[in-house]
Peer 1: 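Below is the structure I would like to discuss, written out as C-alpha cells.
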Amino acid sequence: MTTPNDKNIKKKFGDCLRQIRQGRGLSQEELAHLCHLDRSYVGGVERGERNISLLNIHKIADALNISPREFFND
C-alpha cells in the first residue's frame, strides 16, 4: 500500500535528480545511456512514479559522479 508520504519521498528524489541532471546539461536520454537504464525509466523516476531501487540509485549517482547521499540532502 502506497501512502501519501511514500509519494512525497519519490517526488522529492525525482525533483532532486532532475535538478542535478539539468545542472549538468544532460538530457534524460543522455543520463539513461550513461547509467545503462531506459530513458522512460529515468523520466518515471523524475516524475516520482517509480520506486527506484538502491542499485539504480547507485548507477545514477555513478553516472553523475556524485555520492548517492546527494539525492537525500534537504
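Since the model is a prediction, treat every value here as computed from it, not as a measurement.
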Peer 1: What residue among Ile52, Asn56, Leu37, Ile57 forms side-chain contact (heavy atoms from CB on, under 4.5 Å) with Val45?
Peer 2: Ile52
Peer 1: Indicate the atoms forming the closest heavy-atom contact of Ala61 with Phe71, along with that distance.
Peer 2: CB-CE1, 3.9 Å
Peer 1: Closest heavy-atom contact between Lys59 and Cys35?
Peer 2: O-CB, 3.5 Å
Peer 1: Go through the steps for Ile66 and Arg24 under the test side chain to side chain contact (heavy atoms under 4.5 Å, CB included), then give the verdict.
Peer 2: CA-CA 11 Å; Ile66 62 172; Arg24 302 284 168 97; 3.2 Å; yes
Peer 1: Side chains of Leu34 and Ile60, heavy atoms from C-beta outward: is any pair under 4.5 Å?
Peer 2: no
Peer 1: When rounded to the nearest 0.5 angstrom, what is the spacing between CD in Glu30 and CZ in Arg21?
Peer 2: 9.0 Å
Peer 1: Would you say Glu70 has more than 12 foreign heavy atoms packed within less than 6.0 Å of its CD?
Peer 2: yes
Peer 1: Can you measure from CG (Asn51) to NZ (Lys10) and round to the nearest 0.5 angstrom?
Peer 2: 5.5 Å
Peer 1: For Asn73, I'd like to know if atom CG has over 12 heavy atoms of other residues, nucleotides or ligands within 6.0 Å.
Peer 2: yes
Peer 1: Taking Phe13 as the starting point, is it possible to reach Ile9 by hopping between hydrophobic residues whose side chains are less than 4.5 Å apart?
Peer 2: no
Peer 1: Are the side chains of Leu17 and Leu31 in touch, meaning some heavy atoms are under 4.5 Å apart?
Peer 2: yes
Peer 1: Before accepting this row, confirm whether a basic side-chain N of the pair Lys11/Asp15 lies closer than 4.0 Å to the acidic partner's carboxylate O.
Peer 2: yes
Peer 1: Within the 3.5 Å criterion, strictly below it, is a donor on Thr3 or Asn5 matched to an acceptor on the partner's side chain?
Peer 2: no
Peer 1: Which distance, rounded to the nearest 0.5 Å, do you find between the OG of Ser40 and the CD of Glu49?
Peer 2: 10.0 Å
Peer 1: Kindly check if the number of other-residue, nucleotide or ligand heavy atoms within 6.0 Å of CD (Glu29) is above 12?
Peer 2: no
Peer 1: Examine distances only and state if a side-chain atom of Arg47 and a backbone atom of Gly43 form a donor-acceptor pair shorter than 3.5 Å.
Peer 2: yes
Peer 1: Show the nearest heavy-atom pair for residues Asp38 and Ala32, with the distance to one decimal.
Peer 2: C-CB, 3.8 Å
Peer 1: I need the single residue from Gln19, Gln28, Gln22 that forms a side-chain hydrogen bond (donor to acceptor under 3.5 Å, both in side chains) with Glu46. Which is it?
Peer 2: Gln28
